Undergrad: 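What follows is a single structure, and I will ask about it in a moment.
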Amino acid sequence: MAVRKQILEGQIKFLQAVELPTAKGDAAKAIQLLKSKTSDNEKLKHELSRLLERCTLEASQSKSKEMDFKTKLVAFKRQNHLLQKRCDRAPEIKAKAVKRAKSSANKENRTYKLLHKGAYSPQARELARMLVSAGCSREYVSNVIHAVCKSAGVAVQGSMSRRTVSRAILEGGIAAKIQIGHELAQAEAFTASKDGTSNKHVNYDAHHINLKVSSYSDDPDEVPTHCHRFLGIVSSPDQSAEGQAEDLVEQIDDVLKIYNKSPLAKRSGHFMRLVKAISLLKGVNTDHCSKEKKFSNIMKSKVVDAVRELLGETEVLEKSWEEIDILFDKALSGGNTPMMAWWAENDVTPPILLANHDNAAVLNNLDSLDDLTPAEQHALESTTRGGVKAASLAGAIFNHKDDKKGQQDIFKWWFKNAGIPIAFPDTSNNRYGTYCEAAGVLLLYCDKFLEFLEFVRDSKKKHVFTNMEKNLYNALKDPATLTELAVLALYAQAISHPYMRQIRGKNINMLDLAPLHLQVEQHMINVIENPNILVSADATYTTGAMDEKEWEKPDVVNAILKRMPELPHLSNVLVHFTTEFTPSGVIDSATDLQKELAWMPATNDVNEGMLGSLRQFWRFNPRATLHVFNSLAMFQRNNTQPFMNKHFKEDDHKFLMHMGREVDSSRLESKRQAKNVEYTQAKNQKKNDRDTEAAKKKAEKNNRISRIPLIFEKEVIEGLKGQKLQDQLDAFRLAGAPLPALLKDVKVVADKKKTIQNAIEQYENDKWSPIGFEGGETDGFQADNGDEENGEE
DNA sequence: CGAGCTGTGAGGGATAAAAC
DNA sequence: GTTTTATCCCTCACAGCTCG
């Protein structure tokens, strides 16, 4: 800038030296320029000074900043230190925070929420049931919950009203029913038991069923065990065996109806129909009086009906092979006794007695069947005979389940040596089919068996049979016993085996079985009508076997047919056996499996206990209803809470609440009472009607008798008989003659005559005189005759 | 000793109220 | 609008008490 100024000043001087017109102008211009430059300079100067100023400022600022930074650094260092410290303490802080969070959460937990979404939770309902069954009044359930929670430092939200508690109890009962339904739906079998008592002139019956169920524990290894399930107490006015059987069926029906409606059933797909459930009933346990036995028989027939209904149904139901086997075996067992009966009925020498050791001692000294001592009578009656017994004896000797007894090894070796490698069929269980098997083997190798028995006898020191061996030896020589064995074997070949062949190895359903059972029946009819299709020289499997296929054991059939001349009664006994065959023989002879299925406790304590509980309950809750008691008791005794915990989902609880309200408003108790009253009224009405009818008849009779003239001639009386004699007797009685009080005391004609003649004699001696006769009025006698007529009943 | 009163706890109908 | 609970109302049976 200084340079430029110098240039400019030089130029000005030059211009001032050169005076030129244009230069003057230029100079002026230059001066102007100079002036402007000067102002520029001023500006620059200003600028500079400003810059300088700023520099100083900035310098001073930066200096202060530096100071700042220094202080800041110190501060940061301090902070860093602090942070480091804080960092070190972080876990501690964290723990503290967690603790705080926990405590605040606890504070929230300290309020126990009974209500969820406006309804009491399942847990709250469980609590209510628990308290009530522990004896808490419904009214105070809420108070107790609050009090207990308060002492534990927990506040409670919501307070259950008495009505709600009541409903929770009803819901417990419904849950118990769902549970029983669920268990029944999965059961293979169950048994029932009952006991009754009366309370204030009303009859109460407690029912239990017994079945194999899970205990609903969390243990995964637990196996189902046999348990009681309380079905509830019913008060049925109808105390007949039929009515009581109906009660039991109704209870099961009720349980199944509720179960089938439940979400649990829908979810698990286990539906159960009543007829199916009844068909699973394997036994009834009651007291041993005659009415209870009748009850048990009725239940049995209900089971048979149910099984029949299922057999004939068009619904596809899988049934295990074993079950069919059992059914069929049971059916067979019905035939044995009738076969025995045939010999007696037709006066033919029956199979010889196969007395056991004790009875044998008694019967050995027997000369004739007349004049039996009671001991001999008992020995005779308890001694069995016939094909089944012979087969079972053979089984006991040749294939005893206890290997130490019997001759099983020697038997096998001896027969193997004789060129017949067989093992004797196992008859030690109760399966009837095995007796048929054994019968076949015995017949086929009859001579060999005799030979073997002799071998056994002779190989002993004293060369004597044991009692069993002797019995079998004799039986195998006895035509009647052989006849029975032949019947059993033939039956198996003609019907049992073909039947089994059709079923075995197939995926059986009942639809397929219905025609098969018809076929069995038809073939049986064929045999009955013409036994020759089975027992004649030209009988073959085409006519004899039900399925017209080759015999299962052709040798056996041939052996029997060969023996026919020795067995003259074979076809008769066969027909008789087949006729008596009942396809519905039930629970009598049980196999181990059946026994397992038909598990029953030895005593009836559970039912008696429940009835006792009811009385106790009513002492303290006089207005309680029967269904409330049942709900509480079923829930408690049947282990229902664990069941609910294991199986119930939200919709199940909803279902419970829904059903609970339904039950709550269904007036069960008043219905129960009304039913009772109505039944009694109807019964009274019937009785009254009967009485009226009887009175009417009595009046009519008296009216007629009163018109009959009394005959006071002994000879005429002597000549009377029948109705006329009876009329005279009645007339004398009506006339007040001294006769025996009861009509049944005078029944025989001779007595009647004598009685009347006695009366005439007394009349002649003026001991009495007839009242009301000739006048024909009857009114006066009605009362007098009341007693006599009652005696007649 | 028994009639009558009282308290308790029950059943259950009707309906309002709350929650969804 | 439906579901669930709460409340009010009445009824009943029994035990235990009082009192004549």
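In what follows, every heavy atom counts, from backbone to side chain, and hydrogens, waters and symmetry copies are set aside. Note that the structure is a prediction, hence the values are computed from the model and not measured.
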Undergrad: Report, one pair per line, the protein and nucleotides 7-10 of chain C atoms (nitrogen or oxygen only) whose separation is under 3.5 Å.
TA:
none

Undergrad: What are the bounds, 5' to 3', of the part of DNA chain B that sits under 4.0 Å from heavy atoms of chain A?
TA: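 Result: dG9(B) to dC20(B).
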Undergrad: Are any of the side-chain nitrogens in Asp253(A) or Lys257(A) under 4.0 Å away from the carboxylate oxygens of its partner?
TA: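 A salt bridge links Asp253(A) with Lys257(A).
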Undergrad: Within the pair Tyr120(A) and dT3(C), is there a side-chain N or O less than 4.0 Å away from OP1 or OP2?
TA: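 No, Tyr120(A) has no side-chain N/O under 4.0 Å of OP1/OP2 on dT3(C).
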Undergrad: Specify the residue among Ala119(A) and Arg138(A) whose closest nucleotide of DNA chain B lies further upstream toward the 5′ end.
TA: Arg138(A)
Undergrad: Using side-chain heavy atoms (C-beta onward) and a distance below 4.5 Å, is Asp247(A) in contact with His207(A)?
TA: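 Counting from C-beta outward, Asp247(A) and His207(A) do come under 4.5 Å.
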Undergrad: Rounded to the nearest 0.5 Å, what separates atom CD1 in Ile180(A) from atom CZ in Phe643(A)?
TA: 10.0 Å
Undergrad: Is the shortest side-chain N to carboxylate O distance from Glu246(A) to Lys302(A) below 4.0 Å?
TA: yes
Undergrad: What's the separation between atom CD1 in Ile233(A) and atom CG in Asn203(A), rounded to the nearest 0.5 Å?
TA: 12.5 Å
Undergrad: Is it possible for you to check whether Lys194(A) lies under 6.0 Å from the centre of the six-membered ring of Phe295(A), through NZ or CZ, and within 45° of that ring's axis?
TA: yes
Undergrad: May I have all residue pairs that pass ring pair (Phe, Tyr, Trp, His ring centres under 6.0 Å) and include part of residues 126-160 of chain A, sequence neighbours excluded?
TA: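 Found none.
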Undergrad: Run the ring pair (Phe, Tyr, Trp, His ring centres under 6.0 Å) test against Phe655(A) and tell me which residues pass, sequence neighbours left out.
TA: none
Undergrad: Could you tell me which non-hydrogen atom of Leu280(A) sits nearest to which non-hydrogen atom of Met272(A), and how far apart they are?
TA: CD1-CE, 3.5 Å
Undergrad: Check the distance between dT4(C)'s P and Glu650(A)'s CD and give it to me in whole angstrom.
TA: 11 Å
Undergrad: If each of His627(A) and Tyr140(A) is mapped to the nucleotide of DNA chain B with the nearest heavy atom, which maps nearer the 5' terminus, i.e. the 5' end?
TA: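 On the 5' side of the pair lies Tyr140(A).
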Undergrad: Give, ordered by number, those residues of residues 656-664 of chain A having at least one heavy-atom distance below 4.0 Å to an atom of DNA chain C; if nothing qualifies, reply none.
TA: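 Hits under 4.0 Å, by residue number: Met657(A), Arg661(A).
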Undergrad: Can you name the side-chain hydrogen bond (donor to acceptor under 3.5 Å, both in side chains) partners of Glu662(A), sequence neighbours left out?
TA: none
